[in-house]
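Computed from a predicted model, the values in this text were never measured in an experiment.
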Amino acid sequence: NGGEGLMLRQPKSLYVGTRSTTLLKVKSFNDDEARVIGYTNGKGKHKDKIGALRVELKNGLTFQIGTGLSDKERANPPKIGDIVTFRYQGLTDAGIPRFPSYVGIR
C-alpha cells in the first residue's frame, strides 16, 4: 500500500523520462456524501464567489470541498443543509477524505 495507483504501459513501448501517451496511471476513488454547513470565500478568479463548501460527514468530521465546483456552481452553490456527493482518494490519519472533489447534490 501507499501507492497512488497502477501504471499500465503499452506493450513494447520504450521508457520515456517525461509524460507519455504510452503510459497510463489508473487510480481508484471512493465516494461519499456530506451535509453542507457553510462556505469559504473565493480568492483570485473566484473572488465574489465561494471558494469551497464546508461540509460535515455523518460521523461529525468537518472539512472543505473546493475542487470540482464549476463557476456556475460557485456563483449559486448548494444550500446549507443540502447533501452533496464527493469523491476522494483515501483517508488521512485523522479520517478526513484526502483530495475531496465535488460531484453534485444528492
Hey, mind stepping through Leu8 and Val26 against side-chain contact (heavy atoms from CB on, under 4.5 Å) and telling me if it holds?
-> CA-CA 7 Å; Leu8 299 176; Val26 180; 3.6 Å; yes

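- Closest approach of Ser101 and Gly68 over heavy atoms only: OG-CA, 4.0 Å.
- Without hydrogens or angle criteria, Asp82 side chain to Lys79 main chain gives a donor-acceptor distance under 3.5 Å.
- Heavy atoms only, all atoms of each residue included: Lys27 and Lys25 are closest at CE-CD, 3.5 Å.
- Cluster partners of Ile96, using a side-chain heavy-atom cutoff of under 4.5 Å among ILVMFWY residues and allowing indirect links, are Val36, Tyr39, Ile50, Leu53, Val55, Leu57, Leu61, Phe63, Ile65, Leu69, Ile80, Val84, Phe86, Tyr88, Leu91, Tyr102, Ile105.
- Between the side chain of Thr62 and the backbone N or O of Glu56 there is no donor-acceptor pair closer than 3.5 Å.
- Thr40 is listed as a side-chain neighbour of Arg54, based on a closest heavy-atom distance under 4.5 Å.
- The minimum heavy-atom distance between Thr92 and Arg98, with the atom names listed, is CA-NH2, 3.4 Å.
- Atom CZ of Phe29 has more than 12 neighbouring heavy atoms from other residues, nucleotides or ligands inside a 6.0 Å radius.
- The environment of Asn30 atom CG is dense: over 12 non-hydrogen atoms of other residues, nucleotides or ligands sit within 6.0 angstrom.
- The shortest distance between side-chain heavy atoms of Glu73 and Asp71 does not fall below 4.5 Å.
- One hydrophobic cluster holds both Leu24 and Leu6 under the rule that ILVMFWY side chains link at heavy-atom gaps under 4.5 Å.
- Here the CZ atom belonging to Arg9 is positioned 6.5 Å from the OG atom belonging to Ser20, to the nearest 0.5 angstrom.
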Verify side-chain contact (heavy atoms from CB on, under 4.5 Å) between Lys58 and Asp32, making sure each step is shown before the conclusion.
-> CA-CA 10 Å; Lys58 295 174 197 130; Asp32 202 350; 4.0 Å; yes

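- Annotation: the span from Glu33 atom CD to Thr85 atom OG1 amounts to 4.0 Å, rounded to 0.5 Å.
- With hydrogens and angles ignored, the 3.5 Å screen pairs a side-chain donor or acceptor of Arg74 with a backbone N or O of Gly66.
- Rounding to the nearest 0.5 angstrom, the gap separating the CG atom in Asp48 from the NZ atom in Lys43 is 14.5 Å.
- Surrounding CG of Asp93 are at most 12 heavy atoms belonging to other residues, nucleotides or ligands under 6.0 Å away.
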